[in-house]
Amino acid sequence: MALSDLRGVERNEAGIEAALGILKQRFGERFQTGMAIRGQHAHTTTYIPTQAPDGVAFPESGEEVQEIVKVCAEHRVPVIAFGVGSSLEGHVNAPGGGISLDTSRMNRVLAVNAEDLDCTVEPGVTREDLNAYLRDTGLFFPIDPGANASLGGMAATRASGTNAVRYGTMRENVLALQAVMADGSMVTTARRAKKSSAGYDLTRLLIGSEGTLGIITSLTLKLYGIPQAISGGVCPFPSVETACQAVIATIQMGIPVARIELVNQLQMRALKNYSKLDYPESPCLFVEFHGSDAGVAEQAETFGEIAAEYGGGPFLWTSVAEERTKLWKARHDAYWASLTLRPGAKGLSTDVCVPISRLAECIAETEADIAEMGLIAPIVGHVGDGNFHTLVLMDVDSPEEIALAEKFVSRLNMRAIAMEGTCTGEHGIGQGKMGFLEHELGHGVDIMRTIKAALDPQNILNPGKILPAA
Ligand SMILES: Cc1cc2nc3c(=O)[nH]c(=O)nc-3n(C[C@H](O)[C@H](O)[C@H](O)COP(=O)(O)OP(=O)(O)OC[C@H]3O[C@@H](n4cnc5c(N)ncnc54)[C@H](O)[C@@H]3O)c2cc1C
């Protein structure tokens with residue numbers, strides 16, 4: 001099965017030409033058509049070929065987003081929302097050309113309601129910028145994909161990261177959205193209340209819709225108090241299987257881990273070299289606990305005992321902020337560290353997620369596949385959720401290597417689906433995983449097509465993504 005599906009969106013030359021003229025006149029310097037900037041806005045961080053838009057608009061408000069979408073609707077021109085472009089599956093490609101709508105100038109924090117533990121931001125605010133802004137309030141926003149992504153892009157991909165095992169994903173942490181729909185109208189999906197039973201859940205319809213149903217112009221997000229104490233550390237294991245068994249036991253015992261991340265032996269080698277970590281070159285779990293001083297110490301000790309039952313240890317942990325930061329910086333740099341295992345290669349990142357009881361089996365079969373196919377593909381994972389990544393390192397100029405990588409990824413995705421899991425725990429479908437959606441959701445995909453056709457009858461919002469050609 002070919003992974004990426006680049007078909008299905010015809011160019012509307014006359015409409016594109018008309019829209020380019022109108023937007024250039026209206027936005028001046030804030031509408032760019034240079035090849036370099038167009039190429040950047042379709043950068044795919046992988047081997048999927050770049051399909052550049054015809055122009056890039058930089059709106060500064062929801063009203064300006066409405067103006068752009070109305071022009072595109074009138075001339076039936078694709079409009080592709082763009083955050084920072086860190087998505088991995090060709091999400092921001094423009095297969096039928098059109099306008100990239102870059103939200104980087106919509107980067108204001110609009111309100112922080114500390115007593116309600118929420119805030120409202122524009123979509124171009126990045127997760128690191130938001131946490132820097134919040135620092136003095138004693139609050140933080142926990143969702144942390146490996147890249148410093150925009151919050152609009154994170155909602156649009158239903159992103160998560162190392163903290164999801166405790167704090168959930170974007171699905172659980174967005175209270176409300178404002179979005180511009182395909183006809184240029186603006187919708188508010190919910191209020192600031194923590195719960196609501198008011199009708200269809202439009203917030204969650206837009207979360208994960210990858211810019212295909214609406215363009216998010218503001219987000220109201222849940223915030224959390226920065227924990228009084230944090231402890232964390234690294235625990236080596238004799239094998240990936242024993243590490244996974246320790247994860248399952250930890251979760252089943254109800255120990256409130258905030259992060260529990262698997263790094264396999266090859267990934268550990270890369271991390272040691274890249275981030276100068278002084279740990280054994282064996283499969284390891286990176287673990288973190290949030291709570292009171294006594295609570296995090298107790299949790300760390302209990303985890304150490306569980307790890308020992310599965311042959312793991314010593315579990316070296318610390319509450320010293322600088323040491324923990326170094327560890328998690330290394331974990332977040334895993335992607336870049338992996339690339340050093342094969343200089344010049346590009347990485348194809350996978351992100352299957354399975355019920356946690358199937359995790360050890362899924363990883364073991366995947367490691368066997370990697371060995372049998374002769375691939376270089378380190379594994380790292382948010383294993384507390386049953387989610388793990390392999391990064392297949394390949395020469396993107398070699399059709400044979402691409403074909404082999406696609407075969408591997410296909411087998412991996414189908415394996416996860418067969419284990420009642422998903423082909424994507426957090427990266428989304430984009431162009432790269434369209435071929436797997438029907439295997440995973442069957443008739444559910446027809447319902448998605450009906451929703452898309454009802455909300456975007458001209459198919460102008462990020463066309464050619466998520467839904468395979470019928
Ligand atoms: C090194 C690395 C590590 C990563 N680790 C993780 C990880 O741990 N967890 C994880 O979940 N992801 C991870 N990712 C993937 C990526 O960071 C996420 O998918 C992120 O949410 C994308 O945000 P962005 O701002 O880059 O969005 P973009 O790439 O710009 O856009 C992504 C999609 O969202 C749409 N979109 C963007 N903004 C809006 C908007 N305002 N309204 C509507 N649609 C919009 C776009 O049209 C596109 O379909 C990683 C990526 C890299 C490069």
Side-chain angles (χ1 to χ4, degrees), residues 40-46 53 56 59 62 65 68-69 78-94 98-107 121-129 143-164 169-171 174 177-182 205-219 259 261 328 331-339 346-351 353 380-382 385 387-389 391 424-432 456 461-466:
Q40 276 166 19
H41 282 75
H43 175 64
T44 62
T45 327
T46 180
V56 184
V65 173
I68 294 164
V69 172
V79 52
I80 301 129
F82 183 93
V84 306
S86 68
S87 48
L88 297 165
E89 299 286 353
H91 290 76
V92 293
N93 253 343
I99 308 304
S100 173
L101 189 152
D102 182 319
T103 58
S104 59
R105 294 194 186 201
M106 295 174 69
N107 59 357
V121 301
E122 290 185 322
V125 174
T126 68
R127 65 176 184 83
E128 287 181 6
D129 286 350
I143 313 300
D144 64 337
N148 183 22
S150 73
L151 290 155
M154 286 167 60
T157 54
R158 210 186 290 130
S160 53
T162 63
N163 281 315
T169 70
M170 287 303 278
R171 182 181 63 189
V174 177
L177 294 171
Q178 262 196 351
V180 173
M181 307 307 282
L205 180 63
L206 286 170
I207 293 172
S209 66
E210 301 183 7
T212 64
L213 298 180
I215 297 185
I216 298 163
T217 52
S218 83
L219 309 90
R259 294 164 151 173
E261 299 277 308
W328 289 101
R331 164 61 192 88
H332 274 130
D333 284 342
Y335 178 86
W336 311 111
S338 301
L339 294 179
K346 268 201 168 187
L348 169 57
S349 180
T350 70
D351 69 318
C353 186
V380 62
H382 315 305
D385 304 312
N387 183 201
F388 68 92
H389 306 292
L391 192 74
T424 176
E426 53 182 26
H427 293 164
I429 297 289
Q431 293 173 313
D456 181 15
L461 292 180
N462 207 5
K465 312 295 164 61
I466 300 185

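Each ligand, and each atom within it, is numbered from 1 in the order the structure gives. Just so you know, these numbers use all the heavy atoms, side chains as well, and skip hydrogens, waters and symmetry mates.
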Gly214 heavy atom under 4.0 Å from ligand 1: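 Per 4.0 Å heavy-atom rule, Gly214 contacts ligand 1.
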
Give the numbers and elements of all ligand 1 atoms closer than 4.0 Å to a heavy atom of [X].
{"X": "Thr157", "answer": "19 (O), 20 (C), 21 (O), 32 (C), 33 (C)"}
{"X": "Tyr335", "answer": "1 (C)"}
{"X": "Met154", "answer": "21 (O), 23 (O)"}
{"X": "Gly211", "answer": "43 (C), 44 (N)"}
{"X": "Phe82", "answer": "30 (O)"}

Sequence-distant partners of Glu122, side chain to side chain contact (heavy atoms under 4.5 Å, CB included), two or more places apart: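 Per chain and number, Glu122 pairs via side chain to side chain contact (heavy atoms under 4.5 Å, CB included) with Met106, Arg108, Leu110.
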
Side chain, backbone, both or neither: which part of [X] comes within less than 4.0 Å of ligand 1 when only heavy atoms are counted?
{"X": "Ser87", "answer": "both"}
{"X": "Asn462", "answer": "side chain"}
{"X": "Val92", "answer": "side chain"}
{"X": "His382", "answer": "side chain"}

Between the candidates [options], which shows the shortest non-hydrogen contact distance to [atom]?
{"atom": "atom 22 (C) of ligand 1", "options": "Gly83, Ala155, Ser86", "answer": "Ser86"}
{"atom": "atom 50 (C) of ligand 1", "options": "Leu339, Asp333, Leu88", "answer": "Leu88"}
{"atom": "atom 10 (C) of ligand 1", "options": "Ser160, Ser209, Ala164, Gly161", "answer": "Ser160"}
{"atom": "atom 20 (C) of ligand 1", "options": "Gly85, Ser338, Ala149", "answer": "Ala149"}

Pair His389 and His427, ring centroids less than 6.0 Å apart: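 Ring centroids of His389 and His427 are less than 6.0 Å from each other.
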
Residue pair Asp102 / Ser100, side-chain donor-acceptor N/O under 3.5 Å: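 Side chains of Asp102 and Ser100: no pair found under 3.5 Å.
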
His91 side chain to Gln431 side chain, donor-acceptor N/O pair below 3.5 angstrom: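 Per modelled atom types, His91 and Gln431 side chains form no pair under 3.5 Å.
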
Nearest heavy-atom neighbours spanning Thr212 and Ser209: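 Minimum heavy-atom separation between Thr212 and Ser209: OG1-O, 2.6 Å.
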
